[in-house]
2 protein chains.
Amino acid sequence: MLSQTVEYALRAVVALAEPDTAWTAHALAAKTQVPASYLSKVLQSLAKADLVLAQRGRNGGFILAKPTSAITVLEVVNAVEPIERIQTCPLGLAAHGVRLCSLHRKLDDAYAMVERAFATTTIASILAEPNPARPLCAQQEKGGSLNVLHAH
Amino acid sequence: MLSQTVEYALRAVVALAEPDTAWTAHALAAKTQVPASYLSKVLQSLAKADLVLAQRGRNGGFILAKPTSAITVLEVVNAVEPIERIQTCPLGLAAHGVRLCSLHRKLDDAYAMVERAFATTTIASILAEPNPARPLCAQQEKGGSLNVLHAH
DNA sequence: ATAAAACTGGATATTCAGATCCAGATATGC
DNA sequence: GCATATCTGGATCTGAATATCCAGTTTTAT
């Protein structure tokens, strides 16, 4: 339901949570499995939204502009492709302009619900979840709970 | 967030709720403000999903296959473009196959939330809402509550 | 200084949802 | 039966999202 671009942006931000050093677009692309040339565009959007900082030149790359606890999923979504809320009647009916009809009200309520969920979810909270499968990591958490794949 | 096609399908079903007679694709297109030739395709999808019945020939057209109280928003969505739930790790990481990582879990939870909302909303319930702006109708409800547009 | 590393931004290519078109099939009224 | 109305389904067109490419700019290491 969300666009591919949003998925890419979220992967990039999650990958950047490892704050060892600046990640080059190329290295990030490998880690996130996103086409490198396209990821560059996505990173530019994230930079414009002040979610990541770009550093050119040797040893350059991208880092998060804020701690993961200060970045919500919604911010990332909005940086690349904001959820299009229904503001006015899609049919252009004047009478519906101020107050949406019940059909579009219902749809927009669903969008609002998603926005709210994303607005209250930080990247930090996602990374803090006790889930054996860590985002972007092929390996199970080291020393973590048992591997459900091999437990039979 | 939902596709244009879903919006069109919902408009068509709501329009068909007026059960006077069979609506031709052409008449429906006018009422719903959907490109006629494209609406035909959408109606075909709805027919394949057994939500509407098609009748060819003179005096033919489309009618709902079930009462509006038996048609949910989700059924209409699924007929034309099901919400793509995240079943397996989008990165193809084997370790995430059975259990999504926390990132994709979060996203899929949002999708599930929308699905649930749509599954519990029938077309009848939408039409029953006490909303002065009726779906697809340019006019305010006759004899209804005061017109907010002219109340100043 | 210079070369190499890395982002930037514009131009272009590809893909797919959205939209159109039309010949064929089917039903009805006369 | 025949003409007309209407859906059906395949072929095609269009435009926006996705993806690629590359020349230009900035930065750093040496």
Distance in angstrom units between Y8(A) OH and dA17(D) P, rounded:
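The answer, rounded to whole Å, is 15 Å.
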Atom CD of E81(A) to atom P of dA19(D): distance rounded to whole Å?
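To the nearest whole Å, that distance equals 12 Å.
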(Q) Going by the rule side-chain hydrogen bond (donor to acceptor under 3.5 Å, both in side chains), which residues pair with T5(B) if we only count those two or more places apart in sequence or in a different chain? (A)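 Partners of T5(B) by the side-chain hydrogen bond (donor to acceptor under 3.5 Å, both in side chains) criterion, ordered by chain and then number, come out as Y38(B).
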Looking at [atom1] of [X] and [atom2] of [Y], how far apart are the two atoms once the value is rounded to the nearest 0.5 Å?
X: I86(A); Y: E7(B); atom1: CD1; atom2: CD; value: 6.5 Å
X: L91(A); Y: C101(A); atom1: CG; atom2: SG; value: 8.0 Å
X: L107(B); Y: S102(B); atom1: CG; atom2: OG; value: 10.0 Å

- Query: Which pairs, with at least one residue in residues 56-67 of chain A and sequence neighbours excluded, count as a side-chain hydrogen bond (donor to acceptor under 3.5 Å, both in side chains)?
  - Reply: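 Applying side-chain hydrogen bond (donor to acceptor under 3.5 Å, both in side chains) to every pair that reaches into residues 56-67 of chain A, excluding sequence neighbours, yields K66(A)-E75(A).
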Tell me whether D108(B) is salt-bridged to R105(B), with the criterion being a basic N under 4.0 Å from an acidic carboxylate O.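 Yes, D108(B) and R105(B) are salt-bridged.
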Is the distance from OP1 or OP2 of dA19(D) to the nearest side-chain N or O of S37(A) less than 4.0 Å?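 No, outside the criterion.
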_Tell me whether L53(A) shares a hydrophobic cluster with W23(A), the cluster being built from Ile, Leu, Val, Met, Phe, Trp, Tyr side chains joined at under 4.5 Å._
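As far as the 4.5 Å side-chain criterion goes, W23(A) and L53(A) are not connected within one cluster.
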Checklist line | Nucleotide range of DNA chain C lying under 4.0 Å from chain B heavy atoms | finding: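 The contact span of chain B on DNA chain C goes from dG18(C) to dG29(C).
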Practice problem: Can you see which heavy atom on L28(A) is nearest to which on A12(A), and at what distance? | Solution: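 Taking every non-hydrogen atom into account, CD2-O, 4.3 Å.
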**Item:** Residue that, paired with Y8(B), satisfies side chain to side chain contact (heavy atoms under 4.5 Å, CB included) out of V34(B), V80(B), L43(B), V13(B)
**Value:**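 When side chain to side chain contact (heavy atoms under 4.5 Å, CB included) is applied between Y8(B) and each of V34(B), V80(B), L43(B), V13(B), only V34(B) qualifies.
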Which angle, rounded to 10°, do you find between the first-five-pair axis and the last-five-pair axis of the helix from dA1(C)-dT30(D) to dC30(C)-dG1(D)?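 Result, rounded to 10 degrees: 10°.
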Its contact letters, B for base, S for sugar-phosphate only and - for none at protein heavy atoms under 4.0 Å, make nucleotides 4-14 of chain D read SBBBBBB----
Counting only pairs under 3.5 Å, give me each side-chain donor-acceptor contact of residues 114-123 of chain A, with atom names and distances, residues two or more places apart or in other chains.
{"residue": "E115(A)", "atom": "OE1", "partner": "R85(A)", "partner atom": "NH1", "Å": "3.0"}
{"residue": "T120(A)", "atom": "OG1", "partner": "R116(A)", "partner atom": "O", "Å": "3.0"}
{"residue": "T120(A)", "atom": "OG1", "partner": "A117(A)", "partner atom": "O", "Å": "3.1"}
{"residue": "T121(A)", "atom": "OG1", "partner": "A117(A)", "partner atom": "O", "Å": "2.7"}
{"residue": "T122(A)", "atom": "OG1", "partner": "S125(A)", "partner atom": "N", "Å": "3.0"}

